[in-house]
Each structure stands twice: as C-alpha cells, then as structure tokens.
Protein chains: 2
Amino acid sequence: MRGQSLKGHLDLLLLSVVAGGPKHGYAVMEALRSASGEAFDLPEGTIYPALNRLEREGLLGSDWSVVQGRRRRTYHLTGRGREALAEQRSGWEEFVAAVNRVVGGVPWPATS
Amino acid sequence: MRGQSLKGHLDLLLLSVVAGGPKHGYAVMEALRSASGEAFDLPEGTIYPALNRLEREGLLGSDWSVVQGRRRRTYHLTGRGREALAEQRSGWEEFVAAVNRVVGGVPWPATS
DNA sequence: CACATAGTGTAGTATCGCTAGGTATGAGAG
DNA sequence: CTCTCATACCTAGCGATACTACACTATGTG
C-alpha cells in the first residue's frame, strides 16, 4: 500500500475516522492505522495539513485542550461534514464500481 | 467522478483495457469510457503520456501502422505488463478492502 | 471552405500527499 | 541530570501525476 494510491480519498478516510467520535490529530493517525489493518500508516505531514484543510472547509470543527501538559486539538464532525461524508461515501462506491467494471467486472479468481 | 480520484490507479485501468486486446491510444480512450459506463472520460493529455510511460517501463509494446492515411500506434501487453497487471489488481483489491474497513466495514445501506 | 471526427503528441499547470525539518511536554533509562 | 522515546502539534518545499491547452495530420461532410 506504500504508494500514494489514496490521492483524492484521504478526506473520506479522515471524515470516516472522526465520524467514529471526536479525536485529536495524533489519535486520528492511530485510529486510521489500526482501522485499516496497518495499511494506512500515514505520516504527520499528511494528517495535520489535511485536518486543517477540512476545518477551513467547514467539514470539521476543533477545540483546544490541555491533557497532561500537552496541547490537544480535538476535531469533531460538523453538519456539513456529515453531508460531505455521505457524498464521499457514495462517490467512493461509484469509483470502485467503475474501476471494477473496467478491471474485469468479475471480482477475482476467488482466493478461497 | 469528475475528480482526479484515480491518481495512482490509472495504470491499472490502462493495462486492463489493453489486456482485453491490442488497441491504439484513441481506442483505449473510448474503451475505457464505455467499459466504465462513461465514468472515466479521460482527456488525451492523460492517456497518451501514460501509455508512453507504460511502454518505457516495458509493460506495453507498440507497433505503428497506417489506416486510411492515419497513423496508428497500437499497444499490446508484454509479459512484464501481464505480471504488473496481476500485481496492480491485487494491490487494488487490498486498497479497496482497507478503505472499506475504515469507512465502516459494512458495505452501505444496500441500494438494492 | 469550415467543421467534425479520428489520431497522435507535448509543454506547462495544478493538485496533493509526503519528506524533512522544527517546537514542546512527560516518562523512563542510565 | 541527561538522553531517548512517545506524545502532540505544525509547515515549507518537493515530487509524482493527472489535466489544460495547445499544435499537427488526415478523412469525410455540409
């Protein structure tokens, strides 16, 4: 997965993770990693700018807090964020369907 | 689909289309468009450089011909191209699985 | 003759995740 | 007390890659 194959799909992932409950950046990183089964081990330089952008776009909101002396910026999904998530979900479904149609329609030689 | 969400997945699409039989660039464009159900209507500036790159990488081979006064460059899959296609297919499967795990695991409200 | 369709190509742009660096706190090891 | 590691945040610039916008040739049609 090492590649940058998630171009254009990062927002969907981040919104999905935050939809599972408010989280701060570092926690988003870890949640994404574990939820994907270690597939998406994204660096901070990817996560933080993306979260910032999503907040600027009004899809996320954030609150600062201090826990054990460490600053935390906790993000939560806004109403528009929830809408955007739904859109991106269906967009993702369409995308997968379209690629699968091209790739062969038939799933795959069934590993099982 | 308008977006550039296929970043990193274009090679898979092109190799898949060419795997369905040798085609020249213009035909690849059309095959991709129709096979995807109009979802992937990619411009020439995307197709041609990509096909060239795939040939440089040894995944495609090409032969020139002239049909009705028009030059045609017909691409075909090489052995290495076939291997690469298999790899990219399984990479795609993994990618989809990983995203779906994050997005919710459960497919989606089942449109049907 | 103009225009659409077929057919190929490229130079430059824009997008976007990533690299590599910086700041700071707390906990544990030596 | 210092060193290192984990936690926690951030950003400037890079690099990969698809797209825009053009240029060129040829055939057929109005």
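Within every chain, numbering begins at 1; the chains are lettered A, B, ... in the order of the sequence lines, protein sequences first and strands thereafter.
Remark: side-chain polar atoms of B:Arg33 are not paired, donor with acceptor, to backbone N or O of B:Asp41 under 3.5 angstrom. The closest donor-acceptor contact from the side chain of A:Thr46 to the backbone of A:Leu42 lies at 3.5 Å or more, if one exists at all. No donor-acceptor pair under 3.5 Å is formed between the side chain of B:Arg80 and the backbone N or O of B:Leu60. Counting only distance, with no hydrogens or angles, the side chain of B:Thr78 and the backbone of B:Gly58 share a donor-acceptor pair below 3.5 Å.
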Which pairs, protein N/O on one side and nucleotides 4-7 of chain C N/O on the other, fall under 3.5 Å?
| from | atom 1 | to | atom 2 | distance (Å) |
| --- | --- | --- | --- | --- |
| C:dA6 | OP2 | B:Tyr26 | OH | 3.4 |
| C:dG7 | OP1 | B:Arg72 | NE | 3.1 |
| C:dG7 | OP1 | B:Arg72 | NH2 | 2.3 |

Give each protein N/O atom lying under 3.5 Å from an N/O atom of nucleotides 1-4 of chain D, with the pair distance.
none

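Between A:Gly45 and A:Gln68, it is A:Gly45 whose nearest contact on DNA chain C lies nearer the 5' terminus.
Here B:His76 contributes atom NE2 and B:Arg82 contributes atom CZ; the two are 10.5 Å apart, rounded to the nearest 0.5 Å.
Among all heavy-atom pairs drawn from A:Leu51 and A:Gly25, the shortest one is CD1-CA, 3.7 Å. B:Val17 and B:Ala31 make their closest contact through CG1-CB, 3.7 Å (heavy atoms, listed as atom of the first residue, atom of the second, distance).
Taking atom CG of residue B:Leu42 and atom C1' of nucleotide D:dA21, one finds them 17 Å apart after rounding to whole Å. The distance between atom CG of A:Leu13 and atom P of C:dC16, rounded to the nearest whole Å, is 15 Å. Atoms CG (B:Leu10) and P (D:dC19) sit 7 Å apart, rounded to a whole Å. Taking atom CE of A:Met29 as the reference point, atom C1' of C:dC18 lies 13 Å away to the nearest angstrom. The distance between atom CZ of A:Arg53 and atom P of C:dA14, rounded to the nearest whole Å, is 18 Å. The separation between A:Ile47 atom CD1 and D:dC10 atom P is 12 Å, rounded to whole Å. In this structure, B:Asn52 atom CG and D:dA18 atom P are separated by 14 Å, rounded to whole Å. Nucleotide D:dT25 holds its C1' atom 11 Å from the CH2 atom of B:Trp64, rounded to whole Å.
The distance between the ring centers of B:Phe95 and A:Trp92 falls below 6.0 angstrom.
Judged purely by distance below 3.5 Å, without hydrogens or angles, the side chains of B:Ser65 and B:Arg72 never pair a donor atom with an acceptor atom.
Contacts between residues 55-62 of chain A and DNA chain C, counted as heavy-atom distances below 4.0 Å, involve no residue at all.
A salt bridge between A:Glu57 and A:Arg53 is present, with a side-chain N of the basic residue lying under 4.0 Å from a carboxylate O of the acidic one. A:Glu55 and A:Arg73 are joined by a salt bridge, as a carboxylate oxygen and a charged side-chain nitrogen come within less than 4.0 angstrom of each other.
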